[in-house]
Every structure is written in C-alpha cells, then in structure tokens.
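These notes are about the structure you will find just below.
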Amino acid sequence: MPEETAQRLSPQGVPYKDLPHIVNEDGQYLFCKSWEPKGQPRALVFVAHGAGEHCGRYSNLAEMLTEHSMLVFTHDHVGHGQSEGERMVISDFHIFVRDVLQHIDIMKKSHPGLPVYILGHSMGGAISILAACDKPNDFAGVILIAPMVIMNPESATPFKVFLAKLLNHLLPSLTLGQIDSKWVSRDQKEVEDYEADELNYRGGLRISFGMQLMSATTKIEKALPDISWPYLLLHGTGDKLCDIKGSQLFFEKSQSVDKTLKVYEGAYHALHKEVQEVANAVFKEISSWIIQRLPQGEEVQS
Ligand SMILES: O=C(c1ccc2nc(C3CCCCC3)oc2c1)N1CC(N2CCN(c3ncccn3)CC2)C1
C-alpha cells in the first residue's frame with residue numbers, strides 16, 4: 001500500500017486504508033460503497049447523491065436493485081460525507097462529473113460487457129445528466145429523481161442571480177439560505193433521520209457553490225436538444241427545491257426516443273425518501289424500467 005494512503009484520514013478521522021475508496025485526478029480520496037447481488041450481476045448502476053448528503057443514504061434503494069441482479073456502486077462527492085475536500089466547496093462543477101466517470105471506468109474494467117446505468121437525485125441528477133452528455137454511448141440508461149435541471153425560480157430570481165454573481169466576486173464564502181428539510185419529504189421520520197445524520201452537511205449553501213449549481217443548470221439547458229439517451233425521469237408536483245418545470249422542459253426538449261416522465265402528485269423533492277406509498281412506487285418504477293431494458297429483458301428468477 002502506498003505510504004501516502006497509510007496516513008490519509010477521512011474528515012471523520014478514519015484511515016482511508018480501512019475504507020473503500022478511490023483517488024480522484026486531484027489526489028483527493030473519495031469514500032466508496034457498493035452493493036453486490038447474490039449471483040452474477042446483470043447490470044452496473046452508479047448512484048450520484050445530491051448536495052449536502054452522502055452516498056450511504058441510498059442503501060435501501062441499492063439493496064432493492066441488488067435483488068434484481070444489479071451491482072450498485074457509488075461514492076461521496078468531493079466535499080461531502082466521508083470524502084476529502086472542504087465541506088460543500090467545489091471550484092468547478094465538472095469535478096463531480098469527472099470523478100463519477102472515473103469511478104464508472106474503474107468498475108467497467110472489473111465487469112466488462114455489463115450495461116451501465118446511472119441514477120441521480122437533485123444535484124446528483126445534474127451530475128448524471130452531464131456525465132451522460134460527456135459519454136452518450138456509455139450508458140444503457142439514466143434514472144433521474146427530481147433532478148436539478150433549472151434553478152428554482154423563487155431562489156434564483158434575476159435580481160438574486162445578479163446579486164449572487166456580484167457577491168461571488170466579493171464574498172464567495174457568504175452563505176445563501178439553508179434547505180429546510182421539512183419541505184423535502186412529507187415523511188416526518190425521514191426528515192428526522194436526515195437531520196440526525198452527522199454525515200450530512202449542516203451549514204448554509206455558499207454563494208460560490210450556488211454559482212456552480214447555476215453553471216451546471218445553464219450547461220444542461222443548452223444540452224437538452226442534443227440528448228438522445230434513454231431515461232426515466234421522476235418528479236413530485238409538490239417539489240419546492242427543484243421545480244418540476246425543469247423536468248417538464250427536459251422531457252419536452254430532449255430528443256430521446258426512449259424517455260419516460262412519471263409525475264407524483266403532491267410529492268415533495270426526495271421521492272425515494274417520501275411517504276412509504278410514494279417511495280415504494282418509485283422503487284418499483286426504477287427497478288421495472290431497468291429490468292425491461294436488460295438483455296433478455298425478462299427477470300431470471302434467482
Ligand atoms: O442537490 C440538492 C440541491 C439541489 C438544488 C439546490 N438549490 C439549492 C438552493 C438553496 C438556497 C439558495 C439557492 C440554492 O439548494 C439545493 C440543493 N439537494 C439534495 C437534496 N437533499 C435535501 C435534504 N434531504 C432530505 N431532507 C429530508 C428528508 C430526506 N432527505 C436530502 C436531499 C437537496
């Protein structure tokens with residue numbers, strides 16, 4: 001083991017030699033997780049988590065997918081969870097995309113020939129979209145749970161955008177509002193679990209980070225007419241963080257032949273962490289969508 005790794009500690013003080021990890025192009029250690037199916041995997045699924053959270057929050061979804069012979073893998077983005085990097089600070093949004101593509105390449109080398117899917121929530125949805133735009137032929141499909149496609153018109157009014165751009169030069173570390181997690185899910189236990197999870201980011205969103213989010217949404221909007229890969233898009237009408245209008249625009253402007261938009265009436269932002277009825281429907285929608293697209297589409301009963 002390189003001597004460097006032997007000394008490197010996670011933000012929580014755990015030696016990376018004791019944690020699954022990859023090292024990104026900037027030499028930053030990223031904490032990884034994976035969930036393997038019992039038998040031979042039929043597909044690889046990368047999960048891209050959202051801003052301020054961490055990859056461990058996708059264990060339930062990942063375990064469900066392994067029951068359908070999928071190998072699920074993920075990492076904490078730079079500045080999140082158990083990965084290195086100043087908390088919720090990113091110099092360029094493309095670093096998130098680059099690291100995801102690096103991790104996927106590593107896994108493809110260990111599992112050649114398997115179809116690769118990417119699943120992203122919120123900012124993780126934006127990362128997934130830009131990763132698929134970078135490598136349009138590498139993905140068998142993209143699954144997007146309330147992706148950040150446009151900035152919420154209330155939090156990004158033209159005046160606020162102007163002010164953010166100005167302040168980004170003067171005070172980039174100034175923080176914008178915090179996300180009130182009670183508006184992210186109607187399931188009170190999920191809200192309490194989120195609030196109690198020490199690996200989630202608790203501070204306000206820095207202006208510089210908000211600017212990177214805006215830059216990502218600008219890139220996505222420009223790319224919409226060139227998108228032709230298969231995707232499943234899921235959004236709640238009660239989403240107060242990522243406006244459903246972004247998903248409706250995505251569905252309308254993208255050129256994909258194989259595209260599905262499922263709308264969940266009244267549901268808030270984190271559909272996979274919503275009330276049980278919604279979360280169960282979302283899990284089933286995702287697994288069915290992938291299974292139908294696997295070679296020999298029928299599920300092989302294990
Ligand atoms: O990726 C994001 C996300 C996306 C867009 C955002 N826009 C802002 C605004 C904030 C105010 C200033 C202008 C920019 O913050 C964003 C965060 N994520 C992942 C989502 N989180 C929310 C909290 N979560 C949660 N909360 C309760 C129950 C379950 N999960 C996990 C997912 C938010």
Side-chain angles (χ1 to χ4, degrees), residues 47-61 74 76-81 87-90 93 96-97 100 119-130 144-165 167-168 172-218 220 234-236 238-247 267-276 278-279 282:
V47 175
H49 70 74
E53 58 175 359
H54 63 97
C55 66
R57 298 177 41 74
Y58 291 80
S59 294
N60 290 351
L61 185 55
T74 183
D76 285 341
H77 304 307
V78 165
H80 287 77
R87 299 298 89 181
M88 283 280 279
V89 171
I90 197 73
F93 194 88
F96 292 142
V97 177
V100 164
L119 182 156
H121 166 54
S122 206
M123 177 189 80
I127 294 169
S128 304
I129 292 165
L130 292 172
L144 302 167
I145 303 175
M148 182 187 71
V149 172
I150 58 173
M151 293 305 285
N152 183 318
E154 282 165 31
S155 57
T157 60
F159 174 70
K160 284 185 183 175
V161 170
F162 166 75
L163 193 60
K165 284 178 177 171
L167 289 173
N168 189 40
S173 299
L174 193 68
T175 58
L176 300 165
Q178 281 183 309
I179 301 159
D180 191 339
S181 53
K182 74 170 188 288
W183 295 114
V184 179
S185 168
R186 294 172 298 177
D187 185 316
Q188 189 51 36
K189 180 163 184 326
E190 287 293 355
V191 173
E192 288 161 7
D193 286 354
Y194 178 81
E195 296 292 346
D197 187 339
E198 288 305 314
L199 286 176
N200 290 327
Y201 175 71
R202 323 219 75 76
L205 196 111
R206 287 175 184 232
I207 285 220
S208 56
F209 196 91
M211 294 305 293
Q212 288 303 323
L213 293 181
M214 271 189 251
S215 155
T217 56
T218 304
I220 289 169
L234 310 165
H235 220 117
D239 193 327
K240 293 168 179 60
L241 195 59
C242 291
D243 198 314
I244 193 170
K245 291 188 182 70
S247 286
Y268 284 8
H269 185 54
L271 291 173
H272 56 299
K273 298 284 185 180
E274 248 282 357
V275 294
Q276 198 71 50
V278 171
V282 164

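In what follows, every heavy atom counts, from backbone to side chain, and hydrogens, waters and symmetry copies are set aside. As the structure lists them, so they are numbered: ligands from 1, and atoms in each ligand from 1. Computed from a predicted structure; not experimentally measured.
- Counting protein heavy atoms only, atom 10 (C) of ligand 1 is closest to Gly177 O, 4.2 Å.
- Using bins of under 30°, 30° to 60° and over 60° for the plane-to-plane angle, the ring pair His121/His272 lands in the perpendicular bin.
- When only non-hydrogen protein atoms are considered, atom 28 (C) of ligand 1 lies nearest to Glu190 O, 3.7 Å.
- The side chain of Arg57, and not its backbone, has at least one atom closer than 4.0 Å to an atom of ligand 1 (non-hydrogen atoms only; side chain from C-beta on).
- Looking at His49, its side chain does come within 3.5 Å of a backbone N or O of His77 through a donor-acceptor pair.
- By the criterion of a heavy-atom distance under 4.0 Å, the side chain of Leu241, and not its backbone, is placed next to ligand 1.
- Shortest contact from atom 17 (C) of ligand 1 to any protein heavy atom: Ile179 CD1, 3.6 Å.
- Atom 14 (C) of ligand 1 has as its closest protein heavy atom Leu205 CD2, 3.8 Å.
- The side-chain contact (heavy atoms from CB on, under 4.5 Å) test with Lys245 is passed by exactly one of Val149, Ile150, Asp239: Ile150.
- Inter-residue side-chain proximity for Leu205 and Met88 is flagged as met; some heavy-atom pair is nearer than 4.5 Å.
- Using a distance-only test at 3.5 Å, with no hydrogens or angles considered, no donor-acceptor pair links the side chain of Glu190 to the main chain of Glu274.
- In this structure, atom 22 (C) of ligand 1 has a protein heavy-atom contact shorter than 4.0 Å.
- Summary of contacts: the protein heavy atom closest to atom 24 (N) of ligand 1 is Tyr194 CE1, 3.4 Å.
- Ligand 1 has no N or O atom lying under 3.5 Å from any N or O atom of Met148, backbone or side chain.
- Distances from atom 31 (C) of ligand 1 to the heavy atoms of His121, Glu53, Lys273, Met151 show the closest one on Glu53.
- Listed for the Arg202 side chain is no donor-acceptor partner under 3.5 Å among the backbone atoms of Gly52.
- Of all protein heavy atoms, the one lying nearest to atom 18 (N) of ligand 1 is Ser122 OG, 3.1 Å.
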